[in-house]
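Nothing fancy with the numbering, it's 1 onward along the sequence. Remember, predicted model here, so these are calculated numbers, not experimental data. Values below: all heavy atoms of this structure, side chains included; hydrogens, waters and symmetry mates excluded.
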Amino acid sequence: MTQTLPQTTRPPMTLTIAGSEATGGAGAQADLKTFQELGSFGMIALTCIVSFDPKDDWNHRFVPVEPQVIADQIEAIFGDYDAEALDTVKLGMMGTPTTISTVSEALAARRPRHVVLDPVLICKGQEPGHALDTDNALKSELLPQATFVTPNHFEAEQLSGMTVRSLEDLTAAAHEIHRISGAAVLAKGGVRLEGPDAVDVFVDGDGAEVLRSPKIGEHAVSGAGCSLAAAVAAELSKGATPLEAARRAKEFVTAGIRQRVAGGTPFDALWQGGLRD
């Protein structure tokens with residue numbers, strides 16, 4: 001007698017192309033945990049390996065992944081799942097201009113519906129000139145392909161060319177990044193702007209909305225930016241609108257900051273399971 005296997009429903013799927021951060025607070029580790037928490041099947045193509053150095057004030061040690069290895073990972077993933085099944089990609093730490101070119105070419109060849117760019121512009125393990133080359137490559141090669149961008153305070157200034165000292169400044173910068181890229185923008189003010197609330201600004205072609213939550217502490221939490229972008233991507237993979245995804249991501253990260261994880265580093269890490277409690 002032949003046994004018929006039950007039919008299964010494929011879950012929403014999200015790919016992160018990002019760096020590894022060994023302690024689990026940020027990077028691809030945070031992305032995968034976020035995808036899982038929000039009900040999206042996660043995949044990863046590693047771009048670099050970043051490890052904090054406890055003997056050097058917890059500065060970054062940065063090792064890029066070979067470009068061909070990055071291309072091979074992306075080829076394997078899109079070979080396994082077609083564009084209809086895998087239509088959402090989150091971009092995190094790239095690290096080098098060559099990596100950015102490799103990823104840009106892979107995206108241009110496949111054109112996923114949603115490309116969520118967390119525009120990581122600084123890595124402490126890089127030389128300043130090299131970091132500038134990487135930043136310029138990100139702006140010219142990845143930003144034009146993004147459908148959703150999640151800059152933090154510093155990145156919003158760099159991408160918009162504006163100084164951000166207030167909510168009004170952040171809103172103007174978000175509008176400018178949207179104008180430049182055509183992407184939806186969730187610009188993060190976080191704890192860096194004065195006032196009792198952590199404020200982020202969402203802008204797309206339909207308008208703008210300020211997202212607020214009471215500040216939890218006065219210091220940034222490792223993994224908050226990665227997890228916010230990953231949460232946006234997970235929600236988009238499930239069919240949310242950009243604004244719905246932004247609201248849900250804000251809620252997710254706020255809960256994770258409230259349940260932060262302390263360790264030996266001078267900064268705490270976000271707990272991706274915060275909404276469970």
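- Residues in residues 220-241 take part in these side-chain hydrogen bond (donor to acceptor under 3.5 Å, both in side chains) pairs, two or more places apart or across chains: T14-S237, S40-S237, S227-Q272, E235-K238, T241-E244.
- Side-chain contact between V185 and P151 is present, with heavy atoms from C-beta onward closer than 4.5 Å.
- Inter-residue side-chain proximity for V65 and Q73 is flagged as met; some heavy-atom pair is nearer than 4.5 Å.
- Residues passing the salt bridge (charged side-chain N to carboxylate O under 4.0 Å, His left out) test with E37 are R276, sequence neighbours excluded.
- Checked against ring pair (Phe, Tyr, Trp, His ring centres under 6.0 Å), Y81 has no partners two or more places apart in sequence or in another chain.
- Between the side chains of Q36 and T34, no donor-acceptor pair is found at a separation under 3.5 Å.
- Side-chain N or O atoms of R61 include one that pairs as donor or acceptor with a backbone N or O of F52 at under 3.5 Å.
- Looking at L275 and F252, their side chains come closer than 4.5 Å, going by heavy atoms from C-beta outward.
- Every pair passing side-chain hydrogen bond (donor to acceptor under 3.5 Å, both in side chains) that includes a residue from residues 179-202 is listed here, sequence neighbours excluded: E176-R179, D200-K250.
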Output a table of donor-acceptor pairs, distance under 3.5 Å, between side-chain atoms of residues 85-93 and any protein atom two or more places apart or on a different chain; print 'none' if there are none.
{"from": "K90", "atom 1": "NZ", "to": "D31", "atom 2": "OD1", "distance (Å)": "3.0"}
{"from": "K90", "atom 1": "NZ", "to": "D31", "atom 2": "OD2", "distance (Å)": "3.0"}

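- Separation of the H114 and F148 ring centroids does not fall under the 6.0 Å cut-off.
- The distance from atom CD of E66 to atom OG1 of T99, rounded to the nearest 0.5 Å, is 9.0 Å.
- I70 has its side chain out of reach of L46: every pair of non-hydrogen atoms, C-beta onward, lies at least 4.5 Å apart.
- Between the NE2 atom of H175 and the OG atom of S160 there is a distance of 12.0 Å, given to the nearest 0.5 Å.
- Partners of D80 under the salt bridge (charged side-chain N to carboxylate O under 4.0 Å, His left out) rule, at least two apart in sequence or in another chain, do not exist in this structure.
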